[in-house]
Protein chains: 2
Amino acid sequence: MQISTKTGYAVRALAELARQPAGEPVSITAICRRQNLPPKYIEQLFRKLKHRKLISSKHGARGGYILNRPASQLSLKDIMEAVEDDFSGYCCLGANSHIEYCQGSPCAFYDFWNDIRKHQEEYFSSLKLDQVINYQETENEANISG
Amino acid sequence: MQISTKTGYAVRALAELARQPAGEPVSITAICRRQNLPPKYIEQLFRKLKHRKLISSKHGARGGYILNRPASQLSLKDIMEAVEDDFSGYCCLGANSHIEYCQGSPCAFYDFWNDIRKHQEEYFSSLKLDQVINYQETENEANISG
DNA sequence: TAATAACATATAAAAATAGTAGGAATTGGC
DNA sequence: GCCAATTCCTACTATTTTTATATGTTATTA
């Protein structure tokens with residue numbers, strides 16, 4: 001039960017996009033230089049983010065990526081759903097073991113896991129990308145004043 | 001971001017202990033027969049649960065395991081911490097990548113991830129084993145009346 | 001046309017997950 | 001005292017997921 005490196009990377013990379021003046025694309029090279037991330041890996045994550053229409057891209061020299069929405073409207077859930085292949089709580093219906101427990105119909109534990117999934121979805125939906133950026137700014141101010 | 005099969009198995013197995021009249025140990029064989037679980041795997045999980053003192057065991061014939069606390073005082077967080085090796089949210093300080101971002105000191109994203117971790121811990125602490133059992137009973141009643 | 005950068009696919013290395021195998025130690029019942 | 005049941009312990013294996021890397025193609029701009 002941990003948020004993956006993928007999500008961590010994606011948040012850091014997207015934060016760089018959010019910082020950029022609107023309309024100006026940022027290249028993966030630039031993002032990864034600033035955030036010290038593996039470019040080819042980020043490329044893959046960005047492809048997923050693009051398929052989910054969270055970002056757009058511009059080809060060629062001076063090209064790069066831009067956010068499709070203001071950071072205040074981009075949730076951690078959106079990012080996780082795009083980048084991890086399955087955001088969702090545990091569900092007894094999922095066949096993640098060779099031993100099928102509830103063979104197709106909701107089992108006795110279904111409601112329990114389902115409520116958890118719903119809670120998690122709501123929680124991660126409530127966390128927005130701009131919050132990270134605000135945290136960063138606070139941090140920086142503290143460093144300057146300190 | 002998913003609750004693992006380990007946790008799912010553990011919950012099902014522990015629910016069987018919770019059902020048992022107090023003081024009567026249940027063997028892994030019995031648990032796994034009732035819940036259709038892989039015995040050797042459950043054995044390993046139970047060892048971890050025992051180290052965390054969530055359960056006790058009785059050796060030999062007619063032996064087995066018993067819950068150390070009432071199900072109402074055993075949280076999903078307790079179980080996850082025992083069975084998964086790291087319950088905790090993502091933390092930028094964790095070296096889960098060869099690229100170290102914040103090299104030992106809290107980075108700009110620290111507070112963000114830290115608040116998430118705290119929230120998750122509180123939430124999973126609030127979910128108790130007896131809730132699963134209550135869900136089950138409701139389900140069963142529904143089946144009988146339906 | 002040369003440099004830049006997205007796009008795409010395949011491969012590889014490492015880690016985590018899920019499960020198995022075999023045996024030693026302990027207890028209860030006959 | 002013996003046998004069966006059971007926990008306890010260690011090691012191994014197989015599979016899947018994660019975290020990349022490599023290589024090449026296509027599009028864009030200066």
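Each chain gets a letter, A, B and so on, in the order its sequence line appears, and its residues count up from 1.
Residue Thr5(B) places no side-chain N or O under 4.0 Å from the OP1 or OP2 atom of dT17(C). Contact between the side-chain N/O atoms of Lys6(A) and the OP1/OP2 oxygens of dT18(D) is found at a separation under 4.0 Å. At least one side-chain nitrogen or oxygen of Tyr9(B) sits closer than 4.0 Å to the OP1 or OP2 atom of dG19(C).
Ion pairing between Arg34(A) and Glu16(A) holds under the 4.0 Å rule for side-chain N and carboxylate O.
Between the C1' atom of dC7(C) and the NZ atom of Lys48(A) lies a distance of 15 Å, rounded to the nearest Å. Atom pair Gln2(B):CD and dT17(D):P shows a separation of 10 Å (rounding to whole Å applied). Computed from coordinates, the Ile66(A) CD1 to dT28(D) C1' distance equals 15 Å when rounded to whole Å. In this structure, Arg12(A) atom CZ and dT19(D) atom P are separated by 13 Å, rounded to whole Å. Across the protein-nucleic acid pair, Ile42(B) atom CD1 and dT6(D) atom C1' stand 16 Å apart, rounded to whole Å. Rounded to an integer number of Å, the gap from Lys50(A) NZ to dA6(C) P is 10 Å. Taking atom CG of Leu45(B) as the reference point, atom C1' of dT17(C) lies 11 Å away to the nearest angstrom. Rounded to a whole Å, the CD atom of Glu84(B) is 13 Å from the C1' atom of dA18(C).
Between the side chains of Lys50(B) and Ser56(B), not a single donor N or O lies within less than 3.5 Å of an accepting N or O.
Residues forming a side-chain hydrogen bond (donor to acceptor under 3.5 Å, both in side chains) with Glu81(A) (at least two apart in sequence, or on another chain): Lys77(A). Shown here are the salt bridge (Lys or Arg N to Asp or Glu O under 4.0 Å) partners of Lys40(A), two or more places apart in sequence or in another chain: Glu43(A). The ring pair (Phe, Tyr, Trp, His ring centres under 6.0 Å) check on His119(A) picks up His119(B), Tyr123(B), with sequence neighbours excluded. Among residues two or more places apart in sequence or in another chain, the salt bridge (Lys or Arg N to Asp or Glu O under 4.0 Å) test is passed with Lys48(A) by Asp85(A). Considering only residues two or more places apart in sequence or on other chains, Ala61(B) meets the side-chain contact (heavy atoms from CB on, under 4.5 Å) condition with none of them. By the side-chain hydrogen bond (donor to acceptor under 3.5 Å, both in side chains) test, Ser72(B) pairs with no residue at all, sequence neighbours left out. With sequence neighbours left out, Lys118(A) forms a side-chain contact (heavy atoms from CB on, under 4.5 Å) with Asn114(A), Asp115(A). By the salt bridge (Lys or Arg N to Asp or Glu O under 4.0 Å) test, Lys58(B) is found to be paired with no residue, residues two or more places apart in sequence or in another chain being considered.
Identified under the salt bridge (Lys or Arg N to Asp or Glu O under 4.0 Å) test for residues 59-76 of chain A, with sequence neighbours left out: Arg69(A)-Asp78(A).
Helix-axis bend for the helix from dT1(C)-dA30(D) to dC30(C)-dG1(D): the local axis fitted to the five terminal pairs at one end deviates from that at the other end by 10°, rounded to 10°.
Within residues 56-65 of chain A, the residues having any heavy atom closer than 4.0 Å to DNA chain D are, in order of number, Lys58(A), His59(A), Gly60(A), Ala61(A).
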Interface polar pairs with nucleotides 9-13 of chain D, N/O, under 3.5 angstrom:
residue: dC9(D); atom: N4; partner: Glu43(B); partner atom: OE2; Å: 2.9

